[in-house]
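Whatever order the structure lists them in is the order used to number ligands and atoms, beginning at 1.
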Amino acid sequence: MDTGIDREAAWRLLKQYNEKDFHIQHAITVEKVMGYFAQKHGEDVNFWSIAGLLHDIDYEKYPDAHCQKAKDILKESGATEDLIHAVVSHGYGVCSEVEPTHLMEKTMYAVDELTGLIGAAALMRPSKSVQDMKLKSIKKKFKDKAFAAGCSRDTIKKGAEILGMNIDDLLWETVLAMKAVEKDIETEMERYRKETGNE
Ligand SMILES: [Fe+2]
C-alpha cells in the first residue's frame, strides 16, 4: 500500500512537530513494533512502520485536537488516504470515529498503549530491559492499575478483542516484539540525540 510519504520525509515531519524525547521514542517504538508484526503476518512492512511512526504526529503540539489535526498535517504532507485512515483509526472511540478495519489498524490500536506499559515495566527491572521479561511479570503490571496509569487497560483489552486474541497472548506477543526491536529503538534514539545535540 502506498503511504505517499517515505521514511525520510516521515522522520522529518515527526521532528517538525515533536521535540520531546519521550514522544520521539514512543513514535520509534510503535514504528519498530508495527514493522515486526507486519513481517510476522507477511504484510507490508513499510506501510505498517510509517503509520506507526506518524500515528501521534499531532499529539505534542495539539493534544486537544489529537487525530483531527493529524489528518490536516498528513494531507498537506502528501500522505495517502490509506495512511490517514490508519493514523486516525488508532484513536477510535477517544478522538476519532474512524474504526480500525485493516489488520494493521487493529494491531496499532492494540499495541499503542501496550508498548508504553511494557516500556515502563522494563525500566523498573534491574536490567532496564525487556529481554529478561516474563509473561508473569507483565501480567502483574497489567493488573496493577496504579502502575503506568496513563496506559489505558481498557484500550488494550479492546485491542485484544478486535484482534480476536486473548489478553495474555496479546501481552506476550507484544513483549516478544519489543524484545526483537529493543536494540533498533536504542540505535535510532542514539542517532536522534546526536542529531539534536541532546546526548
Ligand atoms: Fe501512541
Side-chain angles (χ1 to χ4, degrees), residues 3 5 7 10-11 13-38 45 47-74 77 79 82-123 130 138 141-142 147-163 170-171 173-175 177-178 181-182 184-186 188-189 192:
T3 54
I5 180 166
R7 172 45 163 89
W11 177 235
L13 196 63
L14 180 74
K15 288 188 295 178
Q16 188 184 331
Y17 285 92
N18 291 267
E19 287 173 353
K20 295 195 176 111
D21 259 34
F22 178 81
H23 291 146
I24 299 283
Q25 177 146 2
H26 175 63
I28 291 173
T29 302
V30 178
E31 176 194 26
K32 301 294 177 194
V33 165
M34 287 298 287
Y36 168 94
F37 280 119
V45 173
F47 189 90
W48 288 48
S49 302
I50 301 244
L53 188 68
L54 294 177
H55 79 283
D56 277 339
I57 184 77
D58 57 353
Y59 190 65
E60 186 172 313
K61 278 197 168 56
Y62 310 98
D64 298 330
H66 185 34
C67 293
Q68 304 309 318
K69 194 73 190 169
K71 212 190 291 177
D72 303 337
I73 295 170
L74 292 173
S77 310
D82 287 335
L83 183 64
I84 294 171
H85 189 279
V87 163
V88 173
S89 74
H90 93 273
Y92 179 58
V94 181
C95 54
S96 97
E97 293 306 314
V98 178
E99 207 171 329
T101 47
H102 190 276
L103 176 62
M104 179 259 119
E105 296 172 341
K106 293 176 182 176
T107 303
M108 189 153 77
Y109 185 92
V111 305
D112 177 19
E113 303 275 322
L114 180 52
T115 55
L117 179 73
I118 296 170
L123 287 178
V130 80
I138 193 62
K141 296 290 189 215
F142 181 78
F147 178 78
C151 301
S152 165
R153 307 316 198 254
D154 287 344
T155 300
I156 299 169
K157 277 187 207 154
K158 195 161 170 217
E161 196 186 302
I162 61 174
L163 280 172
L170 176 65
L171 292 177
E173 287 292 331
T174 311
V175 167
M178 298 233 348
V181 302
E182 187 173 59
D184 286 356
I185 297 168
E186 270 168 32
E188 289 287 339
M189 282 309 287
Y192 168 71

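- Counting only distance, with no hydrogens or angles, the side chain of E97 and the backbone of Y92 share no donor-acceptor pair below 3.5 Å.
- No donor-acceptor pair under 3.5 Å is formed between the side chain of E105 and the backbone N or O of H90.
- In summary, H90 places no N/O/S atom under 2.8 Å from the Fe ion (ligand 1), failing the contact criterion.
- Rounded to 10°, the angle formed at the Fe ion (ligand 1) by NE2 of H55 and OD2 of D56 is 90°.
- Looking at I50, L54, I28 one by one, the single match for side-chain contact (heavy atoms from CB on, under 4.5 Å) with W11 turns out to be I28.
- Between E188 and R7 there is a salt bridge, since a side-chain N of the basic residue sits under 4.0 Å from a carboxylate O of the acidic one.
- The N, O or S atom of D112 with the smallest distance to the Fe ion (ligand 1) is OD1.
- Residue side and main chain included, E113 places no N/O/S atom under 2.8 Å of the Fe ion (ligand 1).
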